[in-house]
Number of protein chains: 2
Amino acid sequence: MNKKKSTIRIKDIAQKAGVSIGTVDRVLHNRGEVSEATKEKVLKIIKELNYQPNILASSLASKKNYNFAIFIPKPLTSESYWNKPMTGIEKARGEIQQYGVNISYHFFDLFDKNSFVESSKKLIEDDPQGVILAPYFLKESIEVIRQLEQQEIPYVFIDSNIKEQAQLSYIGQNSLQSGALAARLLDLCVSKQESLLIVNFANDQDNLNHLNQRKDGFTAYFDKQEEPKRKVVSLKSNDQEDHVLHKELDDILDKNKDIKGIYVTNSKAHRVAKYIEKRNLKDIFLIGYDLIPENAKHLRSGIIEFLICQRPEEQGYNATYTLFNHIIARKETIKENYTSIDIVTKENVDYYKEL
Amino acid sequence: MNKKKSTIRIKDIAQKAGVSIGTVDRVLHNRGEVSEATKEKVLKIIKELNYQPNILASSLASKKNYNFAIFIPKPLTSESYWNKPMTGIEKARGEIQQYGVNISYHFFDLFDKNSFVESSKKLIEDDPQGVILAPYFLKESIEVIRQLEQQEIPYVFIDSNIKEQAQLSYIGQNSLQSGALAARLLDLCVSKQESLLIVNFANDQDNLNHLNQRKDGFTAYFDKQEEPKRKVVSLKSNDQEDHVLHKELDDILDKNKDIKGIYVTNSKAHRVAKYIEKRNLKDIFLIGYDLIPENAKHLRSGIIEFLICQRPEEQGYNATYTLFNHIIARKETIKENYTSIDIVTKENVDYYKEL
DNA sequence: CTGAAAGCGCTTACAG
DNA sequence: CTGAAAGCGCTTACAG
């Protein structure tokens, strides 16, 4: 435990430039009130010495507080998907609160555009220093973004992306590619002569075609294959009660008796698993998304073969740190941050780390 | 950007206890020289107020430096596996160097027990504040550990574990389970009548039976299956030059013409891939470990079907933070930190995040 | 436009 | 055994 290695301090720069530390601070933070000449001189020395600010000292001296606002769908139960990004956000919060960061949540209802608009108003009123948002409703999201930009508040997209916006970063998956992965896995498991079924729960559809992209990636995989192409049928369900879904599945399986693989494009694979269990179907491979408890149960029992996961906790964690790095640490951030597309199965589920 | 929320400071405790902050600091850090009575009083108030030290201020005021020593196999080329844990360690280093943490590396040669012993001597001489080590040679590792314990230096195991030691943490995979996962994947891809081959590169064997555990997990999976059991044959190769390996593979495939799946228990799957390519074998599923460049190449070309990965960068990163959290942040750490067992394939390799 | 001083919460000698 | 003071590198008014 020797003495600390000496690093370049503001004081050193001030000395070398023949000015006071106050002046150095002014050019460092662009606070003006410095003559062009001294500014140049100081800037030159800063560069020469490769000065790195001590963010510990900076944070300690500063009495600034930062408020990060999170604008995401409300998790309806403790098992809901959106709890997972929140877990990651909360972990990051614990680590950066010593830097004066507060987090406030603004929820909306996925199925209620109105709640999105209402909640967004409160978000803007909050006047946060940074925002993480899931831009579910396209037009309305762009409206929010405009206002954030007007107030020069940086924002990060999570889960869904809107192209060509001025977001600091997008953190989420590549839906197209995850569909392709699902296709590949079923292609490996189900012999070529059999058919596959895509189940799309339409209610969950958002403006951004998240789920459609998964479906497109899936079908594109088979379109690219050589003849004879595998038969893929599709079911769009409105996510009604079980008996409705079961009827829909009965119908389509009756018409296509060679369906041996089912791909559910969202986290509701457990609903299809329940159907398979009830009908006691033996040789159907089922693949879905997200390690929520109900899915995990059927993965362990063997009815769901694979779950594709996207480390939602990590997404929340990274989104929070993206704001932190930009606003407080003043480090570079990356604009497109695609999450891993993970394959979870019975054999690795117990070790799957989402954070 | 409001004023910072007031938190409990040493000053507050001192005031409430009617002592100076120096005294509070003494009980906080157990530096002695405090009467039992005042100590009790201060301790009680600390608890009451749920005091959380400000590690920013603490680190700034302290002139302490910390040296973390890393004791791992030397990466022989820029493509070697052990570069990956180092990447993670270096990332952590960048983040915690402002707290006065230095990192020093002590390498050994995986195939040379002597270099392990020699390097370990230098490690001990270094007198670090914390150690991350890959305990490859069992007896020799225990010798190192004894000395670390004598000097009260905390240590973290990475990659390999030794049971029932006083390590702060083990960070690595569950080898048995990763073997089971490999078995499952081949079981899905290769039809039941065909055979499977395990390739064990014996040279890489370490005292700790890392690779044997993978093999055991693999065979145990099939042993548990109902009759008729799948046939699994095994090849132990000394990892000689290509023509030797190719001869070995020729022989075993000639004797077992129905081998349609190969499991390589270490990162050398690319060597078998090269063989498959050369012999132009069409319908053999190959599965191996670790996303090193040579493996990635064959994964993309389709010769390797799956790679099982263990986020080695994350392991290095987490090991470093385990020391940091224990020594500097004084937070709790977990003793067994099993890494995810990830499945990487052509369709998700481009998005696979190891850190 | 510039500098000197106080202070962030903690640690570290030093004096008594 | 205890307290007062200086200092870590930075920020923030304030004086000129």
Side-chain angles (χ1 to χ4, degrees), chain A residues 1-43 46 49 51-66 97-101 327-330, chain B residues 1-43 46 49 51-66 97-101 327-330:
Chain A
M1 300 202 194
N2 323 298
K3 295 276 158 179
K4 219 163 231 177
K5 251 185 254 160
S6 62
T7 43
I8 312 299
R9 289 122 58 214
I10 283 192
K11 206 178 170 180
D12 302 317
I13 296 165
Q15 242 166 33
K16 200 155 187 190
V19 297
S20 76
I21 62 166
T23 301
V24 175
D25 189 68
R26 275 179 207 102
V27 346
L28 234 27
H29 295 99
N30 252 313
R31 298 201 269 115
E33 308 189 17
V34 189
S35 76
E36 202 51 38
T38 43
K39 187 175 170 181
E40 298 269 299
K41 188 164 58 176
V42 170
L43 240 28
I46 287 174
L49 269 46
Y51 169 73
Q52 301 291 348
N54 183 328
I55 142 168
L56 260 51
S58 159
S59 177
L60 181 62
S62 162
K63 286 185 187 60
K64 280 201 197 101
N65 266 16
Y66 303 90
Q97 65 179 348
Q98 54 179 344
Y99 292 95
V101 175
I327 298 171
I328 293 145
R330 290 169 197 205
Chain B
M1 300 204 191
N2 322 297
K3 295 275 159 180
K4 221 163 229 174
K5 250 185 256 160
S6 63
T7 41
I8 311 300
R9 290 123 57 216
I10 285 194
K11 207 177 170 182
D12 302 317
I13 297 165
Q15 240 166 33
K16 201 154 184 186
V19 298
S20 75
I21 61 167
T23 302
V24 175
D25 189 69
R26 275 179 206 103
V27 346
L28 233 26
H29 296 100
N30 252 315
R31 300 200 269 114
E33 309 190 17
V34 187
S35 77
E36 202 51 41
T38 44
K39 186 174 170 182
E40 298 268 300
K41 189 165 55 175
V42 170
L43 241 28
I46 287 174
L49 268 45
Y51 169 71
Q52 302 292 346
N54 182 330
I55 142 169
L56 260 50
S58 159
S59 177
L60 182 62
S62 162
K63 287 187 187 56
K64 279 200 199 103
N65 265 17
Y66 303 89
Q97 67 178 348
Q98 55 180 342
Y99 291 94
V101 176
I327 298 171
I328 293 145
R330 291 170 195 207

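Note that the coordinates shown come from a computational prediction; the quantities given were computed from them, not determined experimentally. In what follows, chains are A, B, ... by sequence order, proteins preceding strands, each numbered from 1.
- The side chain to side chain donor-acceptor pair (under 3.5 Å) check on A:Glu40 picks up nothing, with sequence neighbours excluded.
- The side chain to side chain donor-acceptor pair (under 3.5 Å) test applied to B:Asp25 returns B:His29, B:Arg31, not counting sequence neighbours.
- For B:Asn65 and C:dT11, the CG to C1' distance is 15 Å, given to the nearest whole Å.
- The stretch residues 18-26 of chain A comes close to DNA chain D through A:Ile21, A:Asp25, each having a heavy atom under 4.0 Å from the strand.
- Of the candidate nucleotides D:dT11, C:dC1, C:dC10, C:dC1 has the atom lying nearest to any side-chain atom of A:Ser35.
- We find that CG of A:Leu60 is positioned 9 Å from P of C:dC8, with the value rounded to whole Å.
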Review point. Under a 3.5 Å cutoff on both atom distances, Watson-Crick or G-U, what's the dot-bracket for DNA chain C ([ ] crossing, | other strand)?
Key: |||.||||||||.|||
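- Here the P atom of nucleotide D:dT2 and the NZ atom of B:Lys39 are 12 Å apart, to the nearest Å.
- For A:Lys11 and D:dC10, the NZ to P distance is 11 Å, given to the nearest whole Å.
- Between the CZ atom of B:Arg9 and the C1' atom of C:dT11 there is a distance of 16 Å, given to the nearest Å.
- Checked against side-chain contact (heavy atoms from CB on, under 4.5 Å), B:Ser35 has the following partners two or more places apart in sequence or in another chain: B:Ala37, B:Thr38.
- Taken from CD1 in A:Ile327 to OH in A:Tyr66, the straight-line distance is 8.5 Å, to the nearest 0.5 Å.
- Ranked by how close their nearest DNA chain D nucleotide is to the 5' end, A:Leu28 and B:Thr38 are led by B:Thr38.
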**Study point:** B:Val27 vs B:Ile46, side chain to side chain contact (heavy atoms under 4.5 Å, CB included): CA-CA, chis, key distance, verdict
**Key:** CA-CA 10 Å; B:Val27 346; B:Ile46 287 174; 4.1 Å; yes
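- The CG atom of B:Leu56 sits 11 Å away from the P atom of C:dC10 (whole-angstrom rounding).
- For A:Ala329, the side-chain contact (heavy atoms from CB on, under 4.5 Å) partners two or more places apart in sequence, or in a different chain, are A:Ile55, A:Phe324, A:Asn325, A:Lys331.
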Practice item. Determine, step by step, whether A:Thr7 and B:Gln97 satisfy the side chain to side chain contact (heavy atoms under 4.5 Å, CB included) criterion, reporting the C-alpha distance in whole Å, the side-chain angles of both residues, the deciding distance to 0.1 Å, and the verdict. Key: CA-CA 11 Å; A:Thr7 43; B:Gln97 67 178 348; over 6 Å; no
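- In the set C:dG9, D:dT12, D:dG9, D:dT12 carries the atom at the smallest distance from any side-chain atom of A:Ser62.
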What side-chain donor-acceptor pairs closer than 3.5 Å can you find for residues 10-19 of chain A, not counting sequence neighbours?
from: A:Asp12; atom 1: OD1; to: A:Arg9; atom 2: NH1; distance (Å): 3.4
from: A:Asp12; atom 1: OD2; to: A:Arg9; atom 2: N; distance (Å): 2.7

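- Between the P atom of C:dT11 and the CD1 atom of B:Ile328 lies a distance of 13 Å, rounded to the nearest Å.
- Rounded to a whole Å, the CD atom of B:Glu36 is 16 Å from the C1' atom of D:dT2.
- Contact annotation: the side chain of A:Val24 never approaches that of A:Tyr51 to less than 4.5 Å [non-hydrogen atoms, C-beta and beyond].
- Residue A:Tyr51 has no polar side-chain atom (N or O) positioned under 4.0 Å from OP1 or OP2 of D:dG9.
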